[in-house]
Student: 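Handing you this structure, nothing more for now.
Every number for a ligand or one of its atoms is a count from 1 in the order of the listing. Bear in mind the structure is a predicted one, so any value in this text is a computation, not a measurement. Both backbone and side-chain heavy atoms feed into the values below; hydrogens, waters and symmetry mates do not.
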Amino acid sequence: MSIEFPELPYAIDALEPYVSSKTLDCHHGKHHKSYVDKLIPAIQGTAYEDQALETILSAAHEAGDTGVFNNAAQACNHTFLWHSMSPSGGGEPTAVLADAIIARFGDLAAFRAKFKTAALGQFGSGWVWLVRTADGLDIISTGNADTPLLYGDTPLLTLDVWEHAYYLDYQNKRDAYIDAFLSELINWEFAAQNYGADRAAA
Ligand code: MN3
């Protein structure tokens, strides 16, 4: 069995006051854990058992195996989310990623505005992503457990806009949660690593 419930990459209170320890305790310790806890018995003794999460979610999606897909994709999406935020986040991207942001969006303020519009515009539960496509950078939103990995895009970073991600701290003010992510938490270093890894592979 290759699937495990991962630790957070920082302390439970490290994102205070923008994401409280109460939220992280519930979001990581209960929501994320429950996706992993449901996935493990569902894949035991199946062809998925020893595969990587990314392989499982793609294969389950292809096979129309919705239960396995939802739990595998959500397990994957949440691990990616924790790394998309950092206690030393915010600020500006550097080097090649900064150039790519400017080339695609004009400037960082325009990137933030477009990301925020996408995050506010996602009706109901879902995710907003900065991705690298065949044509360059893009911002996309996906519903429920859906992930850009299904469409051949390379995720650079993501924000969870399910209500469970922000309701304890921001109630219905999704816009304030998005602003805090973009100005204080966004992990440009992680995005740059994903961008660079993709460039190296291309
Ligand atoms: Mn979530």
Side-chain angles (χ1 to χ4, degrees), residues 3-43 52-54 56-58 60-61 66-87 89-90 115-131 139-151 153 155-187 190-191 194:
I3 306 302
E4 287 175 358
F5 175 57
E7 295 289 316
L8 284 172
Y10 31 71
I12 194 92
D13 61 354
L15 304 183
E16 297 263 11
Y18 310 108
V19 174
S20 68
S21 53
K22 198 172 167 187
T23 288
L24 271 189
D25 186 46
C26 183
H27 195 182
H28 173 257
K30 295 195 170 64
H31 288 275
H32 186 176
K33 185 169 190 297
S34 114
Y35 298 124
V36 177
D37 285 350
K38 286 178 189 154
L39 179 65
I40 289 173
I43 62 174
L53 219 38
E54 292 82 351
I56 296 171
L57 74 87
S58 295
H61 187 262
T66 310
V68 170
F69 168 74
N70 283 337
N71 287 303
Q74 284 294 79
C76 194
N77 291 347
H78 281 87
T79 299
F80 198 77
L81 169 70
W82 309 133
H83 290 277
S84 296
M85 302 186 285
S86 165
F115 192 97
K116 185 172 180 178
T117 299
L120 284 173
Q122 173 57 38
F123 185 77
S125 297
W127 301 81
V128 183
W129 309 79
L130 174 63
V131 297
I139 292 166
I140 62 167
S141 54
T142 60
N144 299 316
D146 206 4
T147 153
L149 293 173
L150 292 178
Y151 313 110
D153 296 335
L156 304 189
L157 56 81
T158 193
L159 182 65
D160 187 344
V161 293
W162 286 56
E163 282 188 347
H164 69 224
Y166 61 88
Y167 217 82
L168 288 174
D169 296 329
Y170 297 92
Q171 290 79 51
N172 61 323
K173 299 185 197 74
R174 190 190 280 190
D175 63 328
Y177 162 68
I178 300 162
D179 285 343
F181 171 75
L182 288 170
S183 62
E184 309 292 343
L185 299 176
I186 191 168
N187 187 349
F190 179 63
N194 293 323

Student: I'd like to verify the contacts: list protein N, O or S atoms under a distance of 2.8 Å from the Mn ion (ligand 1).
Tutor: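 Protein N, O or S atoms closer than 2.8 Å to the Mn ion (ligand 1): His27 NE2, His78 NE2, Asp160 OD2, His164 NE2.
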Student: Please answer whether the main-chain N or O of Pro6 pairs with a side-chain N or O of His28 as donor and acceptor at a distance below 3.5 Å.
Tutor: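 It does hold such a pair.
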Student: For Lys33, enumerate each residue passing the salt bridge (charged side-chain N to carboxylate O under 4.0 Å, His left out) test, keeping only those at least two apart in sequence or located in another chain.
Tutor: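 By the salt bridge (charged side-chain N to carboxylate O under 4.0 Å, His left out) rule, Lys33 matches Asp37.
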Student: Sequence neighbours excluded, which residues qualify as side chain to side chain contact (heavy atoms under 4.5 Å, CB included) partners of Ser183?
Tutor: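 Side chain to side chain contact (heavy atoms under 4.5 Å, CB included) check on Ser183 returns nothing, list empty.
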Student: To the nearest 0.5 Å, what is the distance between CG on Leu130 and CG on Leu157?
Tutor: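 That separation rounds to 5.0 Å.
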Student: My understanding is that only residues two or more places apart in sequence, or in another chain, count here; which of them pass salt bridge (charged side-chain N to carboxylate O under 4.0 Å, His left out) with Asp179?
Tutor: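 Listed in chain order: Lys116.
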Student: State yes or no: are the ring centers of Phe5 and His78 separated by less than 6.0 Å?
Tutor: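 No, the ring of Phe5 stays outside the 6.0 Å limit from the ring of His78, centre to centre.
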